[in-house]
Trainee: 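Got a structure here, written out as structure tokens. Questions coming.
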Amino acid sequence: HPQVGSSGISKVRRNQKKNSQNASVANGVLTMAQILDRLIDDAKNKAEESQRVFTLHTNALASLTGLKSELNIQGSKENEEIDLLRKSCDYYFESLQQADLNSTPGAVIGEAIVSGSNGFQSQHSSVRDGATSLLWRVRLDDMEPIDTVWSRFDFLGTAKKINSLVVRPMVKQHENITEDHISCSTHIFPKDCVLLVSNANIGGMFVETIRFTLPCPKSSCQNDIEWEQFTGIRPNRSKSWRLDVLNYHDFSDQNAITEANIFVGVEVQLMEPDIAYDNLQRIHVLHNVSQSLSTLSEKVKLLPNQDDFRQSTKNDVYASANIEVNVIKMQEEAERLESHYIEAARVIQRASSERLHDNICKRNELMSEIQELNDIDSGSLQDKLWSKGLLAWCHLYANSQINQSLCVHVERRLFELFDDPTQTFRRRTFPDFDSIEGLDIALNMRIENAGSFFRSLEIDESIEKI
């Protein structure tokens with residue numbers, strides 16, 4: 001059975017459930033659909049790794065052939081160098097064509113949990129293969145929708161590399177709208193949307209991958225509305241994706257604008273490549289083949305019979321005009337892929353800067369509170385210490401059980417600071433105590449020692465200045 005044994009397909013899930021208090025046998029059992037998803041994911045991972053090896057070896061053959069063409073061998077034929085350069089480019093083209101053929105977009109494989117913003121009609125529903133209908137109920141303010149609605153997909157299996165999506169707006173009749181709402185509802189249509197991905201490098205924050213605009217539908221029949229496909233998504237792999245609807249098409253001319261039930265919806269199909277190629281390898285191939293083609297074009301211009309060569313390659317990819325077009329096209333694709341990595345780094349940097357700024361503000365607030373509690377600039381530290389008030393209150397009003405519990409708790413924490421034998425250095429031990437009065441005396445002794453230490457530092461600094 002695929003789920004039985006130490007190498008069973010559900011071993012990972014069982015291990016994840018070990019530390020759960022509500023773990024049960026049913027929680028660790030996969031459905032047949034989940035088993036199929038797991039097998040498909042494993043097969044895709046193996047295919048992607050095999051494609052990386054194929055690209056690596058093909059690029060090596062192309063590079064060796066290109067190096068061989070640079071050798072000046074006496075007695076070689078006139079066009080031998082040209083033939084070797086063309087053969088080198090053929091290897092590169094083969095690598096690119098194989099990657100393009102394998103990366104044909106297909107439906108996302110696997111199960112996902114869909115949730116959304118306020119008004120989302122299918123909270124925490126389960127969908128398969130990235131295809132679902134998203135419907136929100138929105139509110140109006142001064143005849144304008146005030147909600148920016150969103151919905152997120154949390155895939156249960158492996159992380160997904162979405163490279164395109166297919167979307168179309170929804171019209172009035174839909175199964176998620178109850179019969180009571182159908183007769184008194186108004187549909188508005190989304191306009192500007194954005195697809196975001198969760199980035200683990202910045203704590204799971206969502207960053208933008210592609211922004212697109214949906215046209216206003218001209219038909220009231222859902223089947224007559226055309227699907228819109230959007231590609232060019234920045235390469236990311238994540239389990240969590242989110243679709244945001246930013247604004248809506250103008251609906252001021254609709255008759256039922258004042259109705260309470262205002263809905264907006266889209267049908268969406270997330271797509272991923274059948275076998276995803278390695279973007280870094282592709283940049284490497286594009287860079288090398290563009291250089292090889294440029295070198296080939298220069299070599300052809302130096303041939304004494306270049307007219308015959310051009311005539312023989314008139315309809316070939318190595319014709320002079322085609323070479324220039326291909327070089328420009330490949331350089332643009334390489335720059336686009338590089339810009340994706342640069343933009344991803346910029347997004348991480350901006351998000352990290354915002355988090356750093358927030359943490360600095362919180363730290364400053366806490367430091368201000370500590371300064372207010374322990375203000376050593378005016379008066380004695382003992383007079384300003386908040387712990388003296390706490391100990392005085394415990395001494396006057398708390399019962400012996402509370403006082404004993406406080407002493408035990410403080411003693412344990414002080415042991416970690418002063419008497420822990422596992423520390424690599426030894427610190428001065430804290431005075432022993434077994435009552436609130438003893439704790440107060442011990443704190444006063446340590447405070448006096450600390451005050452003397454800081455006063456000695458101030459004296460040393462003054463002497464150095466003199």
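Each residue takes its place number in the sequence, starting with 1.
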Trainee: Hey, is the main chain of Glu272 close enough, under 3.5 Å, to the side chain of Lys161 for a donor-acceptor pair?
Mentor: no

Trainee: Does Thr65 reach the side chain of Asp90, with side-chain heavy atoms less than 4.5 Å apart?
Mentor: no

Trainee: Test side chain to side chain contact (heavy atoms under 4.5 Å, CB included) on Ile82 and Leu296 and set out the steps.
Mentor: CA-CA 7 Å; Ile82 302 296; Leu296 177 62; 3.7 Å; yes

Trainee: Answer whether the closest heavy-atom distance between the side chains of Trp241 and Thr209 falls below 4.5 Å.
Mentor: yes

Trainee: Using modelled atom types and a 3.5 Å cut-off, is there a donor and acceptor pairing between side-chain atoms of Ser151 and backbone atoms of Leu243?
Mentor: no

Trainee: In Å, rounded to the nearest 0.5 Å, how long is the span from CZ of Arg128 to CG of Asp37?
Mentor: 4.0 Å

Trainee: Would you list the atom pairs, donor with acceptor, under 3.5 Å between side chains in residues 328-336 and any protein atom, with sequence neighbours excluded?
Mentor:
{"from": "Glu333", "atom 1": "OE2", "to": "Arg282", "atom 2": "NE", "distance (Å)": "2.6"}
{"from": "Glu333", "atom 1": "OE2", "to": "Arg282", "atom 2": "NH2", "distance (Å)": "3.1"}

Trainee: Go through the steps for Ile275 and Leu101 under the test side chain to side chain contact (heavy atoms under 4.5 Å, CB included), then give the verdict.
Mentor: CA-CA 9 Å; Ile275 302 174; Leu101 179 63; over 6 Å; no

Trainee: Under 3.5 Å, is there a donor-acceptor pair between the side chain of Gln97 and the main chain of Ser95?
Mentor: no

Trainee: Nearest 0.5 angstrom please: Leu246 CG to Lys191 NZ, how far?
Mentor: 11.5 Å

Trainee: Side chains of Ser126 and Glu111 only: does a donor on one sit below 3.5 Å from an acceptor on the other?
Mentor: yes

Trainee: Using only atom types and a distance under 3.5 Å, with no angle test, would you say the side chain of Ser103 pairs donor to acceptor with the backbone of Tyr277?
Mentor: no

Trainee: How long is the straight-line distance from CG of Leu196 back to CG of Asp244, given to the nearest 0.5 Å?
Mentor: 5.0 Å

Trainee: Keeping Asn247 on the side-chain end and Asp192 on the backbone end, is there a donor-acceptor pair under 3.5 Å?
Mentor: yes

Trainee: Inspect the contact between Glu49 and Lys46 and indicate whether a charged nitrogen and a carboxylate oxygen are less than 4.0 angstrom apart.
Mentor: no

Trainee: Testing the basics here: between Val245 and Pro190, what is the closest heavy-atom pair and its distance to 0.1 Å?
Mentor: CG1-CB, 3.5 Å

Trainee: Is the closest side-chain heavy-atom distance between Val149 and Phe120 below 4.5 Å?
Mentor: no

Trainee: Between Trp136 and Val266, does a side chain to side chain contact (heavy atoms under 4.5 Å, CB included) hold up when you go through it step by step?
Mentor: CA-CA 9 Å; Trp136 300 269; Val266 293; 4.2 Å; yes

Trainee: State, to 0.1 Å, how close Ser240 and Arg152 come at their nearest heavy-atom pair, and which atoms those are.
Mentor: OG-NH2, 3.3 Å

Trainee: What's the spacing between Asp42 CG and Ile40 CD1 if we round to 0.5 Å?
Mentor: 10.0 Å

Trainee: How many angstroms lie between OG in Ser63 and CG in Asn288, if you round to the nearest 0.5 Å?
Mentor: 5.5 Å

Trainee: Taking ring-ring contact (aromatic ring centres under 6.0 Å, His included) as the test, write out the residues that go with Phe155, two or more places apart.
Mentor: none

Trainee: Are side-chain heavy atoms of Ile360 and Arg363 found at a separation under 4.5 Å?
Mentor: yes

Trainee: Grab the two heavy atoms, one from Ser133 and one from Met170, that are nearest each other, plus how far apart they are.
Mentor: CB-SD, 3.9 Å

Trainee: Compare every heavy atom of Leu85 with every heavy atom of Ser69, then report the nearest pair and how far apart it is.
Mentor: OG-CD2, 3.5 Å

Trainee: Within the structure provided, determine whether Leu56 and Gln281 are in side-chain contact (heavy-atom separation under 4.5 Å).
Mentor: yes

Trainee: Determine yes or no for a side-chain-to-main-chain donor-acceptor pair under 3.5 angstrom, with Ser297 supplying the side chain and Leu293 the backbone.
Mentor: no

Trainee: Which residues pass the salt bridge (Lys or Arg N to Asp or Glu O under 4.0 Å) test with Asp41, not counting sequence neighbours?
Mentor: Lys160

Trainee: I'd like to check Val268 versus Phe153 (side-chain heavy atoms, cut-off strictly below 4.5 Å). Are they in contact?
Mentor: yes

Trainee: Rounded to the nearest 0.5 Å, what separates atom CD in Gln269 from atom CG in Asp129?
Mentor: 7.0 Å

Trainee: So Ile188 and His249, do their side chains get closer than 4.5 Å, heavy atoms only?
Mentor: no

Trainee: Taking all heavy atoms of Ile225 and all of Pro217, pick out the closest pair and write down the distance.
Mentor: CD1-CB, 3.9 Å

Trainee: Would a 4.5 Å heavy-atom cut-off, applied to side chains only, mark Val167 and Leu214 as touching?
Mentor: yes

Trainee: If you look at every heavy atom in Ala159 and Lys239, which pair is closest and at what distance?
Mentor: CA-CG, 3.8 Å

Trainee: Mind running side chain to side chain contact (heavy atoms under 4.5 Å, CB included) on Leu165 and Ile233 for me, showing each step along the way?
Mentor: CA-CA 9 Å; Leu165 74 161; Ile233 298 176; 4.0 Å; yes

